[in-house]
Number of protein chains: 2
Amino acid sequence: MTAGKGRKDLPTMMDVARTAGVSKSTVSRAFTQPGMLGAETVARILEIASSIGYVPNHTARALSTGRYGNVALVVPDVANPFFPPLIRAAQMEADRSDFCVFLGNSDESWRQEDKLVDRFLSQVEGLVLCASRLTDERIRAHALKRPLVLVNRDVPGIPRVLIDSAIGVREAIAHLAELGHKHIVYVSGPASSWSNQQRRAAVRLGARQHRLEVSIVAARVPSYESGRAVVPDILATGATAAIAFDDLTAQGIMTGLADRGVSVPADFSIVGCDDVLGAATYPSLTTVSNRSDETGRAAMSLLLDMLGSRAVGDARVTLDTYLVVRNTTAPPPNRPPAPARAAPPPLIPPRKGEGDAN
Amino acid sequence: MTAGKGRKDLPTMMDVARTAGVSKSTVSRAFTQPGMLGAETVARILEIASSIGYVPNHTARALSTGRYGNVALVVPDVANPFFPPLIRAAQMEADRSDFCVFLGNSDESWRQEDKLVDRFLSQVEGLVLCASRLTDERIRAHALKRPLVLVNRDVPGIPRVLIDSAIGVREAIAHLAELGHKHIVYVSGPASSWSNQQRRAAVRLGARQHRLEVSIVAARVPSYESGRAVVPDILATGATAAIAFDDLTAQGIMTGLADRGVSVPADFSIVGCDDVLGAATYPSLTTVSNRSDETGRAAMSLLLDMLGSRAVGDARVTLDTYLVVRNTTAPPPNRPPAPARAAPPPLIPPRKGEGDAN
DNA sequence: GATTGACGTGCAACCGGTTGCATTCGATAG
DNA sequence: CTATCGAATGCAACCGGTTGCACGTCAATC
């Protein structure tokens, strides 16, 4: 019963009330409905409050109003470079409405995600689940209890924000076609990924329109390592350019090509996806923007709209992407490149935080 | 008063109690002190609870016990690649003790940070502040109210976890000396940064021990752009190797050197700091590990220890670093490199999330 | 057969706010 | 001078749990 069992107790509303010679209610109103009180009373109370370092207790307020002022954001892997910009944007959007945000790391496990959501449920007004690992069923169950917004997960009936790579990928195809490429490769990501399906379809469609030959090479997991590993398959197709599922894979491919003396972009062109590495690589990577920050902002904004009881119903927001041309694309060489020397074993540890973010 | 004003209300303890034909207290104890109740009673209650989807209300519990089960983690910029691994590790460490973590993004502003801390105070049991922008005074004030752990901020009396780059930097110096370099440059970060002070001092000391000449070149902000910008200054020193304040700066330097036809590592060697880019660059960057994940874990673990009332007092944990040798360091050329052509204007946008993380 | 305990459960106060309603008081209207 | 009304404030119930204490029951003990 006794709260805090001696731990440092923050000043309460009663403390303020006592030294101000008023009742709890008055102090409460001074903070929530100042207009209802005398101007000098409000001033005095606020003065006293700040002098003794009083801050309204978020928890107690939540209990009586049902407005927790908190939202939860759950991602599979905080360290996956896809997410930090999204998290940052979502956090700042929530902050604009004075919401605090819980961050959950599901560690790519649906059990963990389920546990987190349950823990969050009773102290948040709503949640944003990114690339959720839960079943549609569980998601629906949770959505019954609290407003829920999904990112890169398409469950009918649940508001969701999706990054549609189609446009960006189409731009990439057009870009390569314009440069004179005739045969390209799509290095695919996880089959279960919604993003991967989008991208592959867009590649196929774009290639048909531009009369390009297209090969598909599968990289089971999107990572530096697996990109590096599939380079022989890529070269075997005889293509002169590749579009990779994501930047990490593209990066691995670049390394694998360099290992074989194939230079980028002179001998081979590469396009990534997600713009996760920025211009940090050399040569800097041509890639498809993912606008993950806008995604984060949009998802949080959508959630806050729902909380503001502005009905949102079955929202399905898609964000377009665009091509970011940097320095890994150029006209094809006269002859398609071929392996010059045998591939060395992979020496370099994979980058942390890889995996299928989307 | 009426909570939820019609919003989806979660089932409460009373609901369970009613259908189980017992009192609130009994339901409560079924969850918190099952041993005090009859075995079959507990079983029946848990059964009913899960059947109607009841989960104990975190908020209400917190209010009466003072144990919020929450902690807060505040960083200047989530998107700065220094932080995601730290956040991830801290989050998972907290999760091991069933704590939920609030994430705050101070956006490099002490006002924002102060606001966040105040908002968090009343719903967390403790906080971790990373690279805090607050004054010592404010930090002390907050620490009076709740257990507080600092990361990369050295305020006597407040428990803190510091990444000490000295060892790693010393290893880097030894590494360069062994390769045959005689004259190196330290490209410094923000003067106010604790980490920068550590690193510069370590460079100076190490250089003296190995009888190397050392120059200092100042990059005001640690970023890709500013690294690229200081390349002329670096070359002007006549040095054959550089140690940069962080990886982003090092990356910019690499690009700047390439722009001038100076090849890395054949003509010039580069060492970064923080190991933030992993092996993603080409050539992959030799750098000093920052172990930011261990830092996050250590800080959170320290905080949880404090909460467990295991007194921690004035803890000051320092984490050592080590050199990660990759492919940007090699013996110096016979003659020191010189600019071959004029530098092109910077075309490439700076990487998001830069800034002095430490 | 009455006493004593252990055990299982209910009662009610409390955590720190919020809010509908009652109350007080001065001012304006009648 | 009194009735009326609005503004300012207090009272007390409530949000959903936790927990000290009291109560009732039944078995073991004397």
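Convention: sequence-line order gives letters A, B, ...; per-chain numbering from 1. The shown structure was predicted, so the numbers you read here are calculated from the model rather than taken from an experiment.
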With sugar-phosphate meaning primed atoms plus P, OP1 and OP2, does A:Thr59 contact a base, only sugar-phosphate, or nothing at under 4.0 Å between heavy atoms? nothing
Could you check whether A:Asp118 pairs with A:Lys115 (Lys NZ or Arg NE/NH1/NH2 to Asp/Glu carboxylate O, under 4.0 Å)? no
Taking the side chain of A:Ser64 as its heavy atoms from C-beta onward, which of D:dC15, D:dC11, D:dT19 lies nearest to it? D:dC15
Could you check how far CE of A:Met13 sits from C1' of C:dG16, rounded to whole Å? 7 Å
Given D:dT9, C:dG10, D:dG16, which nucleotide is nearest the side-chain atoms of A:Thr41? D:dT9
If you look at every strand shown and take non-hydrogen atoms under 4.0 Å, does B:Val22 touch a base, only sugar-phosphate, or nothing? sugar-phosphate
So which nucleotide from D:dT19, C:dG17, C:dC15 ends up closest to the side chain of A:Arg61? C:dG17
So, do A:Leu129 and A:His142 sit near enough that their side-chain heavy atoms are less than 4.5 Å apart? no
Going by the angle between their ring planes, with limits at 30° and 60°, are A:Phe102 and B:Phe102 parallel, tilted or perpendicular? parallel
Mapping B:Ala39 and B:Ala60 to their closest nucleotides on DNA chain C, which lands nearer the 5' end? B:Ala39
Donor-acceptor pair present, B:Ser23 side chain and C:dC11 base, under 3.5 Å: no
Report yes if some heavy atom in the side chain of B:Asp95 is under 4.5 Å from a heavy atom in the side chain of A:Asn105; otherwise report no. no
Which part of the nucleic acid, if any, lies within reach of B:Thr32 when heavy atoms closer than 4.0 Å are counted: base, sugar-phosphate only, or nothing? sugar-phosphate
Side-chain donor or acceptor of B:Thr65 under 3.5 Å from a matching atom on the base of C:dC15? no
Whole angstrom value for the distance that separates P of C:dC14 from CZ of B:Arg67: 19 Å
Nearest-angstrom distance from the residue atom CD1 of B:Ile45 to C1' of C:dT9: 10 Å
Identified side chain to side chain donor-acceptor pair (under 3.5 Å) partner of A:Arg160 from the options A:Asp314, A:Thr318, A:Asn152: A:Asp314
Side chain of A:Lys24 - closest among D:dG16, C:dA12, C:dG17: C:dG17
From CE of A:Met36 over to P of D:dG10, roughly how many Å is that when rounded to an integer? 13 Å
Angle between terminal axes - the helix from C:dG1-D:dC30 to C:dA27-D:dT4, 5 pairs each end, rounded to 10°: 60°
What is the distance, to the nearest angstrom, from the CG atom on B:Leu63 to the C1' atom on D:dC14? 12 Å
If you check every side-chain atom of A:Ser28, which of C:dT18, D:dT18, D:dG16 has the closest atom? C:dT18
Hey, does A:Ser25 reach any base, or is it just sugar-phosphate, or nothing, if we go heavy atoms under 4.0 Å? base
Any donor-acceptor pair under 3.5 Å linking the side chain of A:Thr12 with the backbone of A:Met14? yes
Any B:Thr26 side-chain nitrogen or oxygen under 4.0 Å from OP1 or OP2 of C:dG10: yes
With salt bridge (charged side-chain N to carboxylate O under 4.0 Å, His left out) as the test, would you mind laying out the steps for A:Arg88 and B:Asp77 before giving the verdict? CA-CA 7 Å; A:Arg88 180 176 188 278; B:Asp77 181 4; 2.7 Å; yes
Describe the nucleic acid contact of B:Tyr54 in one word from base, sugar-phosphate, nothing, applying a heavy-atom distance below 4.0 Å. sugar-phosphate
Would you mind reading off the distance between B:Arg29 atom CZ and C:dA12 atom C1', rounded to a whole angstrom? 12 Å
Rounded to whole Å, please give me the gap between OH in B:Tyr68 and P in C:dG16. 7 Å
Could you give the CG-to-C1' distance, from A:Leu37 to D:dA7, as a whole number of Å? 10 Å
State plainly whether the residues A:Glu108 and A:Arg133 are in salt-bridge range, i.e. N to O under 4.0 Å. yes
